[in-house]
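Only one structure is covered here, and it is reproduced in the block below.
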Amino acid sequence: MNSKRMPILPVEAYTSVDWFEQEQQKIFGNTWQFAGLVEDIQDAGDYITTQCGHQNIVIVKGRDQRLRAFHNLCRHRGTQLLRAVGKKQKALTCPYHDWTYDLNGQLISVPEKNTEFPDLDLDQICLHKASVDIWRGILWVHPDPNADPITKWFDGCWEKLGPHNPKRLIEYPDTYYEKIINANWKIVAENYIDVYHLAHLHSNTLQMYNHAKAEYGFVGDHYMFWEPLSSEYKDNIDGLIPTKRIQEMTDEYIGAYVPWLFPNLGLSEGEGSWNIFHAIPLAPDKTKVIVRTKLEPMSNWEFTKQQMKSNISWRGIMGGKTKYGNEPDTNSDDPMDWNDFMEEDVYVCEQQQKSLKNPLFGVTRTAIKGESTVRTFQEIVQKWLDS
Amino acid sequence: MSNQFYILRVIAIDHPIKDATTVTLEVPEKIRDLFNYYPGQHLIIKFKINEKEVRRSYSLNSSPFNEEALQVTVKRVQGGLVSNYIGDHLKEGDEVDVMTPRGRFYADIKKYAYKTYFLFAAGSGITPIISILKSVLLASPNSAVNLFYGNRNQDTIIFKKELDDLFEEYSDRLLVVNTLSDPNVWSAWKQWNGRKGRIDSEAVNWFITNHPPIAQSTEYYICGPGAMNISVRNTLLGLQIPKKLIHIEQFVGSIEESNDSINPIDNALLSVTLNGAAHQLSIPKGKTVLQVLKEAKVNPPYSCESGVCGTCIAQVIEGKAGMKSCMALEEQEINQGLVLTCQAFPTTKTLNVKFN
Ligand code: FES
Ligand SMILES: [Fe+2]
């Protein structure tokens, strides 16, 4: 079949179940995956689970404060061992027949062992191990217990990220955002790394940055991006910044650091916040996006005051209009009226996915610089599928 | 491993603290390969003192990653033959006989590793530990070190300055917690605001719980008196740290060196209370208290027979005993009359000991 290209990958890569399955195995089940933030597991015996392709992984903290990762799969008859999250477990018990493992994954008890399994040697049975590590305040897992170190996977990336210390920042619960987008995960990723669209789709929502001065490129399989603030913003930062300025974001570093860590984690490290953008593939045309935001510690009052001050100041500068010149209105049926760059992105992702089934669909050209990132990303996906 | 000695020249003598001597040895170009080593390993050095040949092993405190010369640091032991010889007589330009580096206590440091090293040291047990510490910082740029370092007081912290300098340079990857068992209080300008007490089980629990690792591959290295080694190890095992991640320096370069200046009394009379029974035995020339008890088949407790594990500890009730080596005991315990029977020779005509 002489299929259409997007421009590197074929259209089927965004629509077919077969492609989706291949990616689950070869990419998501075979790379370091985002599992949460360090503070998601506080105490010994706390655990969380995460999906890596077809494999569910448990991360549990031991009494030695070290994390361990296991495949969430009972060694008896393969039942999924644990539910999504849990606190202060002393041991891990399977719901089916109560086989019980210690926090090192070692089988320690089997009901009715003497009569039912007289010659079973518990010491020989351990949960299948996986890898877990912490990098940039983020928990990462890899289904392979002998995976290369996470620092090797991200070799060269750290230097291109912001000066932020995510561990110090605080997640405010009402900043959590979750949405199911009716588009393939790669459309979401490509939108995130599309430099060309910034000045256009977001002409009235991301105007506080100077897109013309953006610096970007790939380090390994990871996309790195930085752009400075617009001069207007920079000169009046105290009045315009919507939150408290991140302490480490001194004048020397200030700007937006917005990398896409392969395969599916975006970071957005800005002057006033630190965000993760996790795109979880659910189906060829469905992706769940979770955004979590961390800010400088501050009181509710400080938070509200700074937001109001910033809103008023921006309205003074921009006239507070949307891309199409309307008054911003979050109750409108049209997300383009919401004046929210994230909703603008969701909107175009879904519109692009919709067109894939149109017989006239095609990509004429992609921008030499501003969309080179999309082409490189597709080459990287292709490389993983060919391996 | 060859047991050949090579002649190395002393190129510097320093005193990191009053009672310790750092000896820097130059390795001639043509035998340099033989003297490659892993951080944590030790040297065996031969001295001729008063016409007598003595050998000692000392852990290297230098790092193979930044220094070409070898360095050992020796703390004076009261009455110790070699440590005092080194402190008083060894000088720049002297030549010493040295065997190539060896030992199973070492860290194999990989450039691309992402690891957290937990290091526990007390007194001069710091020597192999600081070698590992420096090597990790120098050679494994993503790895981190958490050091828990015990000493008696402010004046006995060997390498204090060096550790402070390293912290300046590597503060994002190095954490040092000092703890003093008996801090000086009299000198206001040196007032101690840090942690107090020894590295015991409670302290280790506190240290581990409050300093969670960032890199999740971890290793644990312990070097101090035998009793500390054992209590740290048991505490770590109790926290479900896998045995294979815990490394202990047992036999060399540690706190006390072997004491050859004991004058045992021949055929001293030994009275022992053991397992509720009393025994009277005679100690022939050259035998330790434990050897006599073993030969009498009275079931004395023991394990390593090297003065390391502390299993054979007994309380002296009457008389005196001298010990060849006593890594498993702290000075305070010795003052209280505890002895390691595997190392003990009678120095009085009668000796009365009791096992617990
Ligand atoms: S399947 Fe888990 S106990 Fe039987
Ligand atoms: Fe966008």
Side-chain angles (χ1 to χ4, degrees), chain A residues 32 35 37-39 41-46 59-69 89-92 101-106 108 123 126 129-142 145-159 163 165-168 248, chain B residues 107-120 136-137 139-146 148 170-173 175 177 201-222 231-247:
Chain A
W32 283 97
L37 301 178
V38 175
E39 54 273 23
I41 305 186
Q42 295 274 358
D43 299 310
D46 291 1
I59 311 176
V60 58
K61 189 182 255 187
R63 292 205 292 127
D64 57 3
Q65 303 299 310
R66 213 163 41 91
L67 301 170
R68 293 119 164 92
Q89 305 289 310
K90 293 248 156 22
L92 314 175
Y101 306 82
D102 70 15
L103 299 184
N104 277 336
Q106 185 62 50
I108 49 172
D123 289 349
C126 186
K129 296 199 158 76
S131 296
V132 56
D133 227 319
I134 297 173
W135 188 81
R136 212 163 174 80
I138 295 171
L139 300 172
W140 301 89
V141 288
H142 194 303
N146 301 313
D148 271 346
I150 186 86
T151 41
K152 200 164 176 192
W153 174 238
F154 289 126
D155 195 18
C157 294
W158 190 277
E159 297 81 338
N165 177 4
K167 238 174 57 189
R168 207 179 51 73
E248 291 84 5
Chain B
D108 185 5
I109 291 159
K110 299 265 197 301
K111 180 163 180 222
Y112 285 105
Y114 184 43
K115 275 196 175 184
T116 307
Y117 289 82
F118 286 88
L119 309 180
F120 301 86
V136 171
L137 296 176
S140 185
N142 294 315
S143 296
V145 177
N146 292 347
F148 198 15
Y170 297 102
S171 59
D172 51 337
R173 298 199 284 130
L175 175 113
V177 176
S201 177
E202 192 227 306
V204 172
N205 266 313
W206 168 85
F207 185 71
I208 294 286
T209 311
N210 288 284
H211 305 92
I214 304 269
Q216 296 295 304
S217 297
T218 53
E219 297 222 42
Y220 305 80
Y221 288 84
I222 311 165
S231 112
V232 175
R233 189 199 50 202
N234 290 344
T235 310
L236 297 180
L237 289 174
L239 290 169
Q240 292 195 320
I241 291 166
K243 225 193 201 130
K244 63 170 198 292
L245 302 180
I246 305 174
H247 311 272

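Order of the sequence lines fixes the chain letters, A, B, ..., with proteins taken first and strands second; residue numbering starts at 1 for each chain.
- In this structure, no portion of A/D148 lies under 4.5 Å from any heavy atom of chain B.
- Of all heavy-atom pairs between B/I214 and A/D133, the closest is O-OD1, 3.6 Å.
- Separation of atoms CD (A/Q65) and CZ (B/F207) is listed at 12.0 Å; rounding is to 0.5 Å.
- No part of B/L237 comes within reach of chain A, as not one of its non-hydrogen atoms sits under 4.5 angstrom from that chain.
- Side chains of B/T209 and A/R63 form no contact here, defined as non-hydrogen atoms less than 4.5 Å apart.
- Contact between A/R66 and B/Q240 at its shortest, heavy atoms only, is NH2-O, 4.4 Å.
- In the displayed structure, A/E39 atom CD is contacted under 6.0 Å by more than 12 heavy atoms of other residues, nucleotides or ligands.
- In this structure, the separation between CG on A/D155 and CG on B/N142 is 7.5 Å, given to the nearest 0.5 Å.
- Minimum heavy-atom separation, A/W135 to B/Y114: CA-OH, 4.1 Å.
- Heavy atoms only, all atoms of each residue included: B/Y112 and A/T151 are closest at O-OG1, 3.9 Å.
- When all heavy atoms are compared, the tightest approach of B/Q216 to A/I134 is NE2-CD1, 3.2 Å.
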